[in-house]
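Throughout, residue positions are numbered sequentially from 1 according to the sequence presented. What you see below is based on every heavy atom in this structure, not just the backbone, and it leaves out hydrogens, waters and symmetry mates.
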Amino acid sequence: MGSISVANLGIAQAVVASLGTVMIVGLGFLQRPSRASLMWSLAFILAMVSTWVTLAGEALALEGLRRLGLGLMLGAPALIWSGFRARRRVPALPWIAAVQAAVSAAVLIVLADPQAYSLGFRTLFLVAGVFAALTVVEIQRSPDRHERLVLPLMLVSSAFVVLGVFSLLAGLISSPGTSEDLALVRLLNSLGMLVYLVCVTVSLLFFTSVSSVGVQTARSWTQFAVAATDRLARARAAGETSWVLLSVQIDDPDEIRAAAGEASFSRIAERFDQAVVSSFPAEADIGREGRGRLVVLTARPGPVVREHMRALLHEVSIIDAAQQISVQLSASIGWAPADVVGYDFPTLLTAAQQASAEASARGGDRWQRIGA
């Protein structure tokens, strides 16, 4: 009965992986092609191929082929993590997934002793769980992390880590390598990967349906000014001291426009808007003052604001590499804390703009804080 259950779960896993591949590629990558959706499509293709290879090994009684499929499957979580890094526009590092899949497959094939194989598989499963944990970290950095459809991937990735830890601990404490132990490991692996594929499919279909800046976009200047004035008035009445206004601008926009051309500059400004929005939390108010000029109002402690600004300056440097323009692209940020300048929006805005201009005059690619 145990082998029948594992075989049935393997078939279900292969079917789910195949359907997930069709949906992620057809509804995700082909509809909204991007580096992120490409990585996620490759992850599902890897999962689909590896599950069918495992099934073939089971059906033909070829243990080496079955282990090859199991090892390749363990590279899929790293590809999903790479997709989220690509979505955040930082180096995706997909080669890590390729190395992990190849090493995992080689290790499982080489380990002939049942006890060594059991401990080896548990260890490799935990390593794959590390990338599931890193995926959770990447999701937490996403502006759409609070969306309900993100929850399945968050939960199953966390469960992946917990299962990997407990599986390895159980293998170290008990006597691994027995027939019952190997049957249990296969059952848990098949069941866990089946649930993992279902949850990942649901969440990744959501992520491929929205842009990398999530549901948040920069407001028109009129809408932003009204919202910012209201928020600052409420903050002053409540005695909140963590509110800051940031004026963010592309350095030397006229020089960049002359070097890149009007059409290219428009694309650069659009990507600049996306970089600003993706670098700050979803609850921040962001207004577009003009092309290449945005203003951010947020309530965060100083160290957290610095981390967001560092992320933004890095995002801008990637825009420069992607556009391949001869002029170095950078940004300047003016930082005006409400507890220093005051809660009047026009006054706070003027101070932030002056600080931004000063940062740009000092060479750009930096921020300037009022009262520093």
Is it the case that Thr54 and Thr51 place a side-chain donor and acceptor less than 3.5 Å from each other?
no

Quick one: CD on Gln353 to CD on Glu358, what's the gap to the nearest 0.5 Å?
14.0 Å

Flag the pair Trp81 / Phe84 as yes when their ring centroid distance falls below 6.0 Å, and as no otherwise.
no

To the nearest 0.5 Å, atom CG of Leu349 lies from atom CG of Leu245 at 6.0 Å

Side-chain (Asp251) to main-chain (Asp365) donor-acceptor, under 3.5 angstrom
yes

So, does Ser332 use its side chain to make a donor-acceptor pair with the main chain of Ser360 at under 3.5 Å?
yes

Would you confirm whether Ser37, through its side chain, and Ser34, through its main-chain N or O, come within 3.5 Å as a donor-acceptor pair?
yes

Under the 3.5 angstrom rule, does the side chain of Arg67 hit a backbone N or O of Leu111 as a donor-acceptor pair?
yes

Taking the side chain as everything from C-beta on, heavy atoms only, tell me whether Leu232 gets closer than 4.5 Å to Leu297.
yes

Plane angle bin for Phe207 and Trp40 - parallel if under 30°, tilted between 30 and 60°, otherwise perpendicular
tilted

Euclidean distance, Ser18 OG relative to Ile45 CD1, rounded to 0.5 Å:
11.0 Å

Stepwise side-chain contact (heavy atoms from CB on, under 4.5 Å) check, Leu153 with Cys199
CA-CA 6 Å; Leu153 181 54; Cys199 294; 5.9 Å; no

Under a 4.5 Å side-chain heavy-atom rule over Ile, Leu, Val, Met, Phe, Trp and Tyr, are Val295 and Tyr343 clustered together?
yes

Run the side-chain contact (heavy atoms from CB on, under 4.5 Å) check on Asp285 and Thr298 step by step: do they pass?
CA-CA 6 Å; Asp285 277 315; Thr298 186; over 6 Å; no

Could you work out, with ring pair (Phe, Tyr, Trp, His ring centres under 6.0 Å) as the rule, every residue matching Phe160, not counting sequence neighbours?
Phe125, Tyr196

Partners passing side chain to side chain donor-acceptor pair (under 3.5 Å) against Asp113 (at least two apart in sequence or in another chain)
none

Can you find a heavy atom in the side chain of Arg288 that is under 4.5 Å from one in the side chain of Gln223?
no

Heavy-atom donor-acceptor pair, Ser118 side chain to Pro114 backbone, under 3.5 Å
no

What residues form a side-chain contact (heavy atoms from CB on, under 4.5 Å) with Asp230, not counting sequence neighbours?
Arg234

Could you please spell out the steps behind the side chain to side chain donor-acceptor pair (under 3.5 Å) verdict for Trp335 and Ser356?
CA-CA 7 Å; Trp335 179 0; Ser356 178; over 6 Å; no

Taken to the nearest 0.5 Å, the spacing of Glu307 CD from Leu312 CG works out to 12.5 Å

Under 4.5 Å between side-chain heavy atoms, hopping through other hydrophobics if needed: is there a path connecting Ile256 to Leu294?
yes

Decide whether a cation-pi geometry holds between Arg300 and Phe280; the criteria are a distance under 6.0 Å from NZ or CZ to the six-membered ring centre and an angle within 45° of the ring axis.
no

Taking Gln100 for its side chain and Leu74 for its backbone only, find out whether a donor-acceptor pair lies under 3.5 Å.
yes

Verify side-chain contact (heavy atoms from CB on, under 4.5 Å) between Arg293 and Val248, making sure each step is shown before the conclusion.
CA-CA 6 Å; Arg293 294 189 68 95; Val248 188; over 6 Å; no

At what distance, to the nearest 0.5 angstrom, does CZ of Phe121 lie from CG of Leu168?
12.0 Å

Test item: Ser167 and Val165 side chains (from C-beta on) under 4.5 Å apart, heavy atoms:
no

Can you name the closest pair of heavy atoms from Pro337 and Leu348 and give their distance?
O-CD1, 3.9 Å

Side-chain (Arg366) to main-chain (Arg362) donor-acceptor, under 3.5 angstrom
yes

pair Gln13-Met73: side-chain heavy atoms closer than 4.5 Å:
yes

Do Val136 and Ser158 come close enough that some side-chain heavy atom pair is under 4.5 Å?
yes

Please examine the side chains of Gln140 and Met154, heavy atoms only from C-beta on, and report whether any two atoms are closer than 4.5 Å.
yes

So which atom in Ala97 and which in Gly75 form the shortest heavy-atom distance, rounded to 0.1 Å?
CB-O, 3.6 Å

Would you sort out whether Phe29 and Met39 count as a side-chain contact (heavy atoms from CB on, under 4.5 Å), showing the intermediate values?
CA-CA 9 Å; Phe29 177 70; Met39 297 299 166; over 6 Å; no

Can you name the nearest heavy-atom pair linking Val150 to Ser203, along with the distance?
O-OG, 3.7 Å

What are the two closest heavy atoms between Arg85 and Pro91, and how far apart are they?
NE-O, 2.6 Å

Looking at every heavy atom in both Ala36 and Gly83, which two are closest together, and how far apart are they?
CB-O, 3.2 Å

Given Glu315 and Gln274, is the side chain to side chain donor-acceptor pair (under 3.5 Å) satisfied, shown in steps?
CA-CA 9 Å; Glu315 294 288 310; Gln274 294 174 353; over 6 Å; no

Are Phe131 and Leu108 co-members of a hydrophobic cluster defined by side-chain heavy atoms under 4.5 Å apart?
yes

Taking Ser50 for its side chain and Ala47 for its backbone only, find out whether a donor-acceptor pair lies under 3.5 Å.
yes

Close side-chain approach of Met23 to Leu205, heavy-atom, < 4.5 Å:
yes

Is there a path of hydrophobic side-chain contacts, each under 4.5 Å between heavy atoms of I/L/V/M/F/W/Y residues, joining Leu72 to Leu79?
yes

Shortest non-hydrogen contact between Ala351 and Ala336, atoms and distance:
CB-CB, 4.2 Å

Can you hop from Leu27 to Leu149 via hydrophobic side chains spaced under 4.5 Å?
yes

Can you tell me how far apart CZ (Arg291) and CD (Glu270) are? Round to the nearest 0.5 Å.
11.0 Å

I'd like to know if the side chain of Thr229 reaches the main chain of Phe345, judged simply by a donor and an acceptor atom lying under 3.5 Å from each other, with no hydrogens or angles considered.
no

Within the structure provided, determine whether Leu313 and Ile333 are in side-chain contact (heavy-atom separation under 4.5 Å).
yes

